[in-house]
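Every chain is numbered from 1, with letters handed out A, B, ... down the list of sequences. FYI, side chains are in, hydrogens and waters are out, and symmetry mates aren't considered; it's all heavy atoms of this structure.
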Number of protein chains: 2
Amino acid sequence: MVTRAGPTDGGAGGSRGGPASGARRDSPHLTAERIHAAALRLVDVDGIDALSMRKLAATMGVNPMSLYHHVPNKAALLRGICGLAVAELDIPVRADADWRDQLRQIAHSYRSLAHRHGNLITYLIANPGFIQRDGALWTALCETLARAGIPAEEVVRIGNVLLTFVSGFLLAEVNGTLGDLLRSGPASGEGEQPDDGAADAAADAAEFDRGFEAGLELVIAGLEAHGASAATPAKTSRSGTAPRRRGGRTARPNHLGR
Amino acid sequence: MVTRAGPTDGGAGGSRGGPASGARRDSPHLTAERIHAAALRLVDVDGIDALSMRKLAATMGVNPMSLYHHVPNKAALLRGICGLAVAELDIPVRADADWRDQLRQIAHSYRSLAHRHGNLITYLIANPGFIQRDGALWTALCETLARAGIPAEEVVRIGNVLLTFVSGFLLAEVNGTLGDLLRSGPASGEGEQPDDGAADAAADAAEFDRGFEAGLELVIAGLEAHGASAATPAKTSRSGTAPRRRGGRTARPNHLGR
DNA sequence: ACCTGAACACCGTTCAAGT
DNA sequence: ACCTGAACACCGTTCAAGT
């Protein structure tokens with residue numbers, strides 16, 4: 001039984017080999033990049049569990065063992081497609097915006113990635129190493145918090161809280177937890193036709209949006225209540241040099257730090 | 001190597017068959033309950049990936065196929081051990097406490113479960129169906145929010161936000177994401193001996209605690225800022241009967257709902 | 001250099017056969 | 001009734017052998 005569907009037919013690939021591009025004629029010449037892209041496509045369509053070296057190879061019309069010449073193992077493959085996805089993160093760098101708006105934008109960028117790769121984000125969030133400390137998202141988040149007036153020694157802590165909060169929401173939204181709990185209310189259990197299908201899905205999506213906004217505003221309000229500056233400061237205000245270590249407690253009424 | 005601890009030591013089983021009935025003497029007689037318990041133990045010790053029907057059977061000193069007489073398949077097994085874990089959730093029912101304290105207690109109960117079953121919670125949170133709408137945690141959470149003055153039609157939404165936020169933090173705490181980001185700060189990269197081992201772990205744990213408290217106080221402050229009652233109301237106040245459906249908007253200045 | 005068939009050690013699950 | 005061996009259709013990965 002031979003799995004290769006066709007010689008060069010390719011699968012879903014947009015620019016895939018041969019059709020018009022004249023050059024590079026027949027063989028796509030297996031590449032780590034191309035393998036990662038195909039794997040990501042497979043995950044997006046069929047879910048993370050459908051990703052196997054053998055199935056991926058079949059998708060690409062290639063012998064399963066050939067993959068191992070470009071990708072050391074499945075773990076590396078997973079890392080590769082994660083990298084591909086996070087590279088899509090589009091974090092705004094507008095340094096002049098209000099910190100609230102900046103937080104909202106960062107959160108929405110993250111959420112849009114989650115929606116674009118719903119099947120992957122579950123894996124991404126559930127495994128460490130997705131958010132790198134020098135990545136655009138984490139950097140922008142920390143900068144924004146600093147500009148909001150969060151004391152330097154608390155920026156990482158609060159950044160972690162915000163990031164994990166949003167991750168938790170997105171995970172629940174994508175994996176169905178949110179939908180489950182939503183269809184409950186304090187009082188329901190009535191008749192409620194079991195299948196409304198598409199209409200229900202749209203209503204759910206709208207409610208997810210509202211929930212996301214509500215959570216966002218909740219944490220922003222919390223930051224404000226705990227001493228984040230009400231207006232965007234022209235500078236970091238306060239002392240010229242950033243307060244280092246936990247030397248003296250700040251006079252600020254912020255007790256988020258404990 | 002035989003792992004069976006004792007002949008009839010039993011586990012959590014309360015009313016199981018034949019206690020007085022004389023029989024059952026030596027062999028523990030495979031039971032769904034007992035299988036779930038053994039599986040949970042295996043997951044706790046070796047991680048979720050180490051759980052296989054065959055390995056579990058080996059652990060129990062039993063033929064792999066015997067398991068299928070008591071557990072239909074692996075998915076059901078997973079459901080079983082999840083049920084076992086959530087049954088450990090110890091949600092306080094003190095209805096007279098301040099709603100803030102109640103939220104804190106619910107959150108800490110959840111967190112303690114996450115710590116007790118660190119290897120399972122990753123799976124639990126990443127998969128739907130863990131929190132049932134009629135479970136103790138969700139019920140208590142919604143009740144508490146209602147008592148805090150959250151309008152009835154927003155309780156589910158805000159409850160979802162809080163629950164998923166906490167889940168996200170716990171997931172990141174348990175899977176290492178938090179630790180990764182923690183060891184970064186806006187400025188680090190100095191010498192920093194690579195291996196401090198246990199000391200580092202303890203410092204991390206303390207910082208995780210602080211982060212959890214910070215997140216908790218953040219959302220509580222956010223709820224207060226958005227109109228949750230400052231003091232615990234004596235009653236649910238407002239209309240005597242629970243407001244049904246999305247009838248009329250409340251006059252309350254709370255705009256978390258959008 | 002790149003690819004590949006066969007093989008190994010695992011999976012979950014089915015089923016006819018044992019006691 | 002309960003258990004079990006053999007078998008099937010999958011895995012990831014290695015490796016000697018092909019071109």
Side-chain angles (χ1 to χ4, degrees), chain A residues 1-10 17 24-36 38-40 42-43 46-82 119 123 127, chain B residues 1-4 7-8 13 16-18 21-36 38-40 42-43 46-82 119 123 127:
Chain A
M1 111 98 79
V2 183
T3 38
R4 61 167 61 206
T8 322
D9 69 346
R24 86 198 332 164
R25 313 189 316 216
D26 48 342
S27 70
H29 271 107
L30 234 29
T31 293
E33 234 175 56
R34 229 178 304 243
I35 293 173
H36 291 155
L40 179 53
L42 202 159
V43 169
D46 295 331
I48 193 94
D49 289 331
L51 176 63
S52 77
M53 300 298 279
R54 298 171 122 112
K55 208 135 43 180
L56 174 58
T59 283
M60 303 183 76
V62 140
N63 184 289
M65 300 314 133
S66 303
L67 300 180
Y68 283 93
H69 284 269
H70 306 92
V71 167
N73 52 41
K74 192 178 179 182
L77 175 66
L78 251 346
R79 267 195 307 272
I81 62 182
C82 289
N119 288 338
Y123 175 83
N127 287 276
Chain B
M1 73 115 77
V2 184
T3 37
R4 62 168 62 203
T8 321
R16 274 292 278 85
S21 63
R24 136 219 249 178
R25 313 190 318 215
D26 50 342
S27 70
H29 273 105
L30 234 28
T31 291
E33 236 174 55
R34 230 179 301 244
I35 293 173
H36 292 154
L40 179 53
L42 202 159
V43 170
D46 294 331
I48 194 93
D49 289 331
L51 176 63
S52 78
M53 300 299 278
R54 297 169 121 112
K55 208 135 42 180
L56 173 59
T59 283
M60 302 183 77
V62 140
N63 184 290
M65 300 315 133
S66 302
L67 300 180
Y68 283 92
H69 284 270
H70 306 92
V71 167
N73 51 40
K74 193 179 179 181
L77 175 66
L78 251 346
R79 267 195 307 273
I81 63 183
C82 289
N119 288 339
Y123 176 83
N127 289 276

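- Distance, Asp49(B) CG to dC11(D) C1': 14 Å, rounded to whole Å.
- Distance Ile35(B) CD1 to dG12(C) P: 14 Å, rounded to the nearest Å.
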field: Secondary structure of DNA chain D in dot-bracket form (Watson-Crick or G-U wobble, distances below 3.5 Å, | marking inter-strand pairs)
entry: ||.|||||...|||||.||
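- The shortest distance between side-chain heavy atoms of Leu78(A) and Lys74(A) falls below 4.5 Å.
- A distance of 13.0 Å separates CG of Leu30(B) from OH of Tyr68(B), quoted to the nearest 0.5 Å.
- Listed here is the closest heavy atom pair of His36(A) and Ala76(A): NE2-O, 4.3 Å.
- The OG1 atom of Thr59(A) lies 12.5 Å from the CD1 atom of Ile35(A); values are rounded to the nearest 0.5 Å.
- Across Lys55(B) and Ala50(B), no two heavy atoms sit closer than the pair CE-O, 3.1 Å.
- In this structure the side chain of Ile48(A) reaches within 4.5 angstrom of the side chain of Val43(A), judged on heavy atoms.
- OP1 and OP2 of dC2(C) both lie 4.0 Å or more from every side-chain N or O belonging to His70(A).
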task: Report, as a single string ordered 5' to 3', how protein heavy atoms within less than 4.0 Å touch nucleotides 13-19 of chain C: B base, S sugar-phosphate only, - not at all.
output: BB-----
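- In this structure Ala39(A) satisfies the side-chain contact (heavy atoms from CB on, under 4.5 Å) test together with Leu51(A), Leu56(A), Leu77(A), Ile81(A), sequence neighbours excluded.
- Rounded to whole Å, the distance from CG on Leu51(B) to P on dC10(C) is 16 Å.
- Mapping Ser52(B) and Ser66(A) onto DNA chain C by nearest heavy atom places Ser66(A) at the nucleotide closer to the 5' end.
- The 5' end of DNA chain D is approached more closely, in terms of each residue's nearest nucleotide, by Leu67(B) than by the other of Leu67(B) and Lys55(A).
- For the pair Met53(A) and Pro64(A), the minimum side-chain heavy-atom distance is 4.5 Å or more.
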